[in-house]
Amino acid sequence: SHGAFDWASCEQPLLPISVRHGCIEDSPHECIQADFANAYLGGGVLSSGSVQEEIRFAVSPELTVGMLFCERMTDDEAIMMTGSEQFSKYRGYGRYFSYDGDNVDECVRLEDGTPCTAIIAYDAVPFATADLDEQLSDVYLLRELQKARV
């Protein structure tokens, strides 16, 4: 645990970011891929899940190794995974998700052949039934800022 950062007294501006539309596995190599994750890394990839996190783990199965070593994420934790390769193409999402053939990952690689990929898993608080004011309250905004900081 890194401990809570005092955001209220910080006078430094946040750095600019670029948000790109599309599938996370299609992002350029210089981008960090955001995995809006389950508190348990991998979510339902080994059972019944087929949304963003589970799809990323299904097409890059070496990511599932992290499930063996990472416990439930706490409010001040995020998990970084590097060097994964996409082995499968897919189509659809949710119940329409399906395998769409083998994939040859054309990503930039290190000298030893390791893919230059970085995925950071942030567990999301479920707000399906909460109102927007609760979701944007200081306690939850600070939680997300802290996770992005670690």
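The first residue in the sequence is number 1, and the count goes up from there. The figures that follow rest on heavy atoms only: side chains count, while hydrogens, waters and symmetry mates do not. For clarity, every value in this text was computed on a predicted model and none was experimentally measured.
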Among the clusters formed by ILVMFWY side chains lying less than 4.5 Å apart, do [X] and [Y] turn up in the same one?
| X | Y | value |
| --- | --- | --- |
| Y93 | V59 | yes |
| V51 | Y122 | no |
| M81 | L46 | yes |

Side chain [X], main chain [Y], donor-acceptor under 3.5 Å:
| X | Y | answer |
| --- | --- | --- |
| K147 | T74 | yes |
| S84 | L63 | no |
| S60 | F57 | no |
| D100 | K89 | no |
| D102 | S88 | no |
| Q86 | V104 | no |
| E54 | S48 | no |
| Q52 | F36 | yes |

Which atom of [X] lies closest to which atom of [Y], heavy atoms considered:
| X | Y | value |
| --- | --- | --- |
| E134 | S137 | O-OG, 2.8 Å |
| C10 | F5 | CB-CE2, 3.8 Å |
| G43 | N38 | CA-CB, 3.6 Å |
| G92 | I55 | O-CD1, 4.2 Å |
| T64 | P61 | OG1-O, 2.6 Å |
| Y99 | R91 | O-NH2, 4.5 Å |

Look at R143 together with D138 and state whether they make a salt bridge at an N to O cut-off of under 4.0 Å.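 Salt bridge absent between R143 and D138.
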Once rounded to the nearest 0.5 Å, what's the spacing between atom [atom1] of [X] and atom [atom2] of [Y]?
| X | Y | atom1 | atom2 | answer |
| --- | --- | --- | --- | --- |
| C107 | E85 | SG | CD | 6.0 Å |
| E106 | N103 | CD | CG | 8.0 Å |
| W7 | L145 | CH2 | CG | 5.0 Å |

Does E144 form a salt bridge (charged side-chain N to carboxylate O under 4.0 Å, His left out) with R149? I'd like the steps, not just the answer. CA-CA 9 Å; E144 303 311 319; R149 181 176 177 269; over 6 Å; no
Do the side chains of Q146 and E77 get nearer than 4.5 Å, heavy atoms only?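 No; the side chains remain at least 4.5 Å from each other.
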When you compare the side chain of L41 with that of E53, does any pair of heavy atoms fall below 4.5 Å?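 They are in contact (side-chain heavy atoms under 4.5 Å apart), so the answer is yes.
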Parallel, tilted or perpendicular: ring planes of F127 versus Y140, cut at 30 and 60 degrees: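 F127 and Y140: perpendicular rings.
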More than 12 heavy atoms from other groups under 6.0 Å of CZ on F87: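 It does: F87 CZ has more than 12 such atoms within range.
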Mind running side-chain hydrogen bond (donor to acceptor under 3.5 Å, both in side chains) on R56 and Q33 for me, showing each step along the way? CA-CA 10 Å; R56 189 66 180 104; Q33 301 172 14; 3.0 Å; yes
Candidates R72, M73, M67 - the one meeting side chain to side chain contact (heavy atoms under 4.5 Å, CB included) with Y40: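 Among R72, M73, M67, the one meeting side chain to side chain contact (heavy atoms under 4.5 Å, CB included) with Y40 is R72.
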Using side chain to side chain contact (heavy atoms under 4.5 Å, CB included), reason through I79 and I120 one step at a time and then give a plain yes or no. CA-CA 5 Å; I79 299 169; I120 300 182; over 6 Å; no
